[in-house]
Protein chains: 2
Amino acid sequence: MKEVARRAGVALSSVSRVLNDHPDVSDAMRAKVIAAIKELGYQPNLVASSLRRGSTKTVGFVVADISNPLFADITWGAERRLNRAGYSMVLTNSEGDPARDEKMVRLLRRRRVDGLIISLADETRKETIAELKHLEVPIVLIDREVGDLASASAVLADHAEGMRRATELLFDLGHRRIGLIGPSESTRPGRERLAGFKAAHSSRRVGVDWDLVKLGGLSPAFGEAMAHELLNLKDPPSALISAGNLLLVGTLRALHRARVSVGSEISLVSCDDVPLAELYNPPITVVDRNTVEMGEIAAGLLLERLEDPEAKPRVATVPTRLIVRASTAAAR
Amino acid sequence: MKEVARRAGVALSSVSRVLNDHPDVSDAMRAKVIAAIKELGYQPNLVASSLRRGSTKTVGFVVADISNPLFADITWGAERRLNRAGYSMVLTNSEGDPARDEKMVRLLRRRRVDGLIISLADETRKETIAELKHLEVPIVLIDREVGDLASASAVLADHAEGMRRATELLFDLGHRRIGLIGPSESTRPGRERLAGFKAAHSSRRVGVDWDLVKLGGLSPAFGEAMAHELLNLKDPPSALISAGNLLLVGTLRALHRARVSVGSEISLVSCDDVPLAELYNPPITVVDRNTVEMGEIAAGLLLERLEDPEAKPRVATVPTRLIVRASTAAAR
DNA sequence: TGCAGGTGTGGTAACGTTTCCGGTAGGATG
DNA sequence: CATCCTACCGGAAACGTTACCACACCTGCA
């Protein structure tokens, strides 16, 4: 920049003014400076700018595992929106480890991100929450609820309603013993999906059989192991809800291994409409939601507080919808 | 930091020294400073540090579309490796638009990233290459080759070999008319897959029927449209290679629409072993590669040049392997 | 006792911007 | 013609670190 100023025969402050198109700059000045910039191929140093301005135009993004297509979609939506607004995203994976969540938040704090979008690995962990409270920039939670963190916005999917309708669909088809494989209750989707499952049971006056409920993970391996257990029960369920796109992968592996055919022998419901669900034979009934949109909304909630520091945190809810396909059939 | 120094009754430089655990610091000093840091909850400002040191400990990552599971896996591998080495990843999506590639590179240059990992949307675009040349930090290309960019390392998958073997498998099964749907040739995987396809043809002394070759996109929509065209030919192919995980989605949609059953009526091969390929009925033969590993290697190639500025750019190749499944059957 | 060679420590100049303040020139106004 | 205002521009102090230099003290050795 000094170079540019010298070349254009003007002061540093003038160069800065044309760069930030400040009103107080004549056309002649602008022309000279622009020319010098072109000739030198000068590119402003955003880190110096960040230091001086006290804003990095950067937002942190913490997610368990970007390789999960669900998070990938959310990230895609969020990054696009942020980028258009002039912000860059710094991405970190917690790898599902609550302790890493905390570490990543601390790192992002040191990097002085202007805001944070996070999908906690565990909502209940004290240390992580304490770390988040230290952060004095706007926070947006993705599908997470942290009671005593009033400073955070959130975008939430209405899992409970979707799961309730899915479960009722199964009841309507004559199923009475319904298995549920889902993520742990230390995270909102796990709790909400279980809540919807329970709501459907109580509305139909059926007691929940807790032997059929397996919560605790979201990996294919967990899905496979739990499906295997359920299938080997003396009185196995006639329908299965595999509440997660990766759990579905494991569940299908277990079903194949046991040579149980979906639809005819067991009804199956999953969550999130991935290609596998759509194109499986038979196609699989799912509780879907718009994940890309969730990312966009998360970014939007953050931007509204970045652009107006007075803005209060908000929570937005996105609906789920039940897509009924051939994997759910009448009980025999 | 000034605050910490005052509180501990020492000089700024001493605080800096304990922070960077410089050898010249006594135990007493360290203790005092650590205590003051704890009391104040001080977190160093990495942007100031970056400015002063001339290194941001940050690497840029440019990818067409993070929502593509392929890129998501690569990103996952790369981010993990970088994070462990103390680097943060700033992620940008080019959305498959070559002009955005260029814009993103420029942005990352301004942000003074220490290195760049990029999977160009179009390898042939002059402006993007010029922009990359201006960058004076190490670059790693992911599955891309840019002739006159000697300064870049690269990690490449051996698509040609995999595709050759897949095509030969189809020949061995008695197929003679084989359709190919693949990405455009402006990108290495497109060229290499076509090359393997051609190699197999010439080794079997079969001429390539160019009416059966549809290159140009990687979206489900493109896959569906091209598969539809191929199926409607007066003399349609008896086997189809859908060279991309998203193309597979579109291809399957077209096949379902046309009520053509995979395996028995048409043989099908795809690339990259996504859950859909494994669990589809019948399971789909694929040319697989370890995408997570590709990300790790990309990060590794970058780190070796970051840690030793003398290190020369290298190119690493990862193998592909053919996983034969029931979707490929003898021609009738 | 004097001096060389460590060990720690403090002071300060950078890094590359932005922003505020003061100043100049020129035109309009009385 | 003096005055005021506007429009524009230059200088310089920050932003929060790090790295270099200088110096003070101590230990051991001649």
Side-chain angles (χ1 to χ4, degrees), chain A residues 1-37 40-58 86 88 106-114 134 136-137, chain B residues 1-37 40-58 86 88 106-114 134 136-137:
Chain A
M1 183 157 148
K2 227 180 289 183
E3 196 86 1
V4 172
R6 180 137 36 88
R7 181 118 182 176
V10 303
L12 255 70
S13 44
S14 295
V15 178
S16 174
R17 270 186 293 256
V18 335
L19 251 24
N20 301 291
D21 40 42
H22 188 94
D24 287 0
V25 39
S26 66
D27 293 348
M29 168 68 73
R30 191 179 344 265
K32 275 191 297 185
V33 172
I34 301 266
I37 288 176
L40 296 172
Y42 163 78
Q43 290 288 115
N45 183 328
L46 253 29
V47 354
S49 170
S50 297
L51 176 59
R52 177 58 233 237
R53 281 207 233 254
S55 146
T56 54
K57 283 288 187 178
T58 272
S88 295
R106 190 156 32 224
L107 171 62
L108 293 169
R109 175 143 76 106
R110 286 201 291 259
R111 287 212 180 273
R112 297 296 191 265
V113 295
D114 290 346
H134 281 135
E136 65 293 282
V137 299
Chain B
M1 184 158 147
K2 226 179 292 181
E3 195 85 1
V4 173
R6 181 138 35 90
R7 182 124 184 169
V10 304
L12 253 69
S13 42
S14 296
V15 178
S16 174
R17 270 186 294 259
V18 334
L19 251 24
N20 301 290
D21 41 41
H22 188 93
D24 287 358
V25 40
S26 66
D27 293 347
M29 168 68 77
R30 193 181 339 269
K32 276 191 297 184
V33 172
I34 300 267
I37 287 176
L40 296 172
Y42 163 78
Q43 290 289 115
N45 182 330
L46 287 185
V47 354
S49 170
S50 297
L51 177 60
R52 177 60 232 239
R53 281 209 233 251
S55 145
T56 53
K57 283 291 190 177
T58 273
S88 295
R106 190 154 35 220
L107 171 62
L108 293 170
R109 175 143 74 106
R110 285 201 291 258
R111 288 212 179 274
R112 296 298 189 266
V113 294
D114 290 347
H134 281 135
E136 65 291 284
V137 299

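Owing to the predicted nature of the structure, the values given are computational and were not obtained by experimental measurement. Each chain gets a letter, A, B and so on, in the order the sequences are listed, and its residues count up from 1.
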Legend entry - Validation row: K32(A), V10(A) side chains within 4.5 angstrom (heavy atoms): yes

Inset, instruction - For residues N45(B) and R112(A), determine if any side-chain heavy atom of one lies less than 4.5 Å from a side-chain heavy atom of the other. - result: yes

Inset, instruction - Return the value, rounded to whole Å, for the distance between atom CD of E3(A) and atom C1' of dT17(C). - result: 16 Å

Legend entry - salt bridge (Lys or Arg N to Asp or Glu O under 4.0 Å) partners of residues 18-28 of chain A, not counting sequence neighbours, each pair once: D27(A)-R30(A)

Inset, instruction - Using a cut-off of strictly less than 4.0 Å between a heavy atom of the residue and any atom of DNA chain D, enumerate the qualifying residues of residues 26-34 of chain B by number. - result: none

Inset, instruction - Could you check if a side-chain atom of L51(A) sits within less than 4.5 angstrom of a side-chain atom of V47(B), using non-hydrogen atoms only? - result: yes

Legend entry - H134(B) atom NE2, over 12 foreign heavy atoms within 6.0 Å: no

Legend entry - For atom CZ of R6(A) and atom P of dG16(C), their distance in whole Å: 13 Å

Inset, instruction - Report yes if some heavy atom in the side chain of K57(B) is under 4.5 Å from a heavy atom in the side chain of L107(A); otherwise report no. - result: no

Inset, instruction - Report, as a single string ordered 5' to 3', how protein heavy atoms within less than 4.0 Å touch nucleotides 14-23 of chain D: B base, S sugar-phosphate only, - not at all. - result: BBBBBBB---

Legend entry - Side-chain N or O of S14(A) closer than 4.0 Å to phosphate OP1/OP2 of dG10(D): yes

Legend entry - R110(B) CZ - dT17(C) P separation (whole Å): 12 Å

Inset, instruction - Assign V47(A) to base, sugar-phosphate, or nothing according to its heavy-atom contacts below 4.0 angstrom with the strands shown. - result: nothing

